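Keep in mind that what you see is a predicted model, and the values were worked out from it rather than measured.
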Amino acid sequence: MASTTTRGKTARKPARKWSARVMQKSDALDLESDIFKSGSAEEIARSLKRSAERSKRRKGTPFQSAMSMLNFYINRAGKNLPARKKNTLAKAKNKLREVFGRPIQK
């Protein structure tokens, strides 16, 4: 569906679901499949750590890459995340800090 710009020309809407493509083909990490569907914050954190440390394609430190991917998932899911899942992912952030030996935020 096209929309009108301020100059009266029509502009294409960006393709939907680009975030799924980023999750699959990102240069940041090679993630285990369905890791964010896990119900365990500790399992998510350990998997992200493993993926970040194994990846040869990341640009930052393993911690930065793992936290970035977790935040990306949380931000893209947005309002569609159930409260229970949001809590699990928030706990996964602290577990991720813990497994990397970083200070835990409250």
With sequence neighbours excluded, residues passing side-chain hydrogen bond (donor to acceptor under 3.5 Å, both in side chains) with E32: S47, R50

- request: Determine, for R46 against E42, whether the closest basic-nitrogen to carboxylate-oxygen distance falls under 4.0 angstrom.
  value: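 E42 and R46: salt-bridged.
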
query: Who are the side-chain hydrogen bond (donor to acceptor under 3.5 Å, both in side chains) partners of N94, not counting sequence neighbours?
result: R97

message: Testing the basics here: between E53 and F100, what is the closest heavy-atom pair and its distance to 0.1 Å?
response: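 That would be OE2-CE2, 4.1 Å.
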
task: Supply the atom-to-atom distance L48 CG to Y73 OH, rounded to the nearest 0.5 angstrom.
output: 11.5 Å

task: Compare every heavy atom of I44 with every heavy atom of A92, then report the nearest pair and how far apart it is.
output: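 Nearest heavy atoms, A92 then I44: CB-CG2, 4.0 Å.
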
Pairs flagged by side chain to side chain donor-acceptor pair (under 3.5 Å) wherever residues 77-92 is involved - sequence neighbours left out: none

Residues forming a side-chain hydrogen bond (donor to acceptor under 3.5 Å, both in side chains) with K95, sequence neighbours excluded: none

- prompt: Sequence neighbours excluded, which residues qualify as salt bridge (Lys or Arg N to Asp or Glu O under 4.0 Å) partners of K93?
  reply: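 Testing K93 for salt bridge (Lys or Arg N to Asp or Glu O under 4.0 Å), a comparison that skips the adjacent residues, returns none.
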
task: Identify the two heavy atoms, one from A52 and one from A66, that lie closest to each other, and give their separation to 0.1 Å.
output: CB-CB, 4.0 Å

field: Nearest-0.5 Å distance that lies between atom CZ in F36 and atom CE in M69
entry: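 Between F36 CZ and M69 CE, I get 7.0 Å after rounding to 0.5 Å.
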
- prompt: Distance from L70 atom CG to N75 atom CG, nearest 0.5 Å?
  reply: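 So the gap between those two atoms works out to 9.5 Å.
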
Heavy-atom pair with the smallest gap, counting every atom of V99 and K49: O-CE, 3.3 Å

message: Once side-chain hydrogen bond (donor to acceptor under 3.5 Å, both in side chains) is applied, do any residues pair with T61, and if so which ones, sequence neighbours excluded?
response: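 Expected list: Q64.
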
- line: Distance col, row R76:CZ vs L81:CG, nearest 0.5 angstrom, shows 12.0 Å

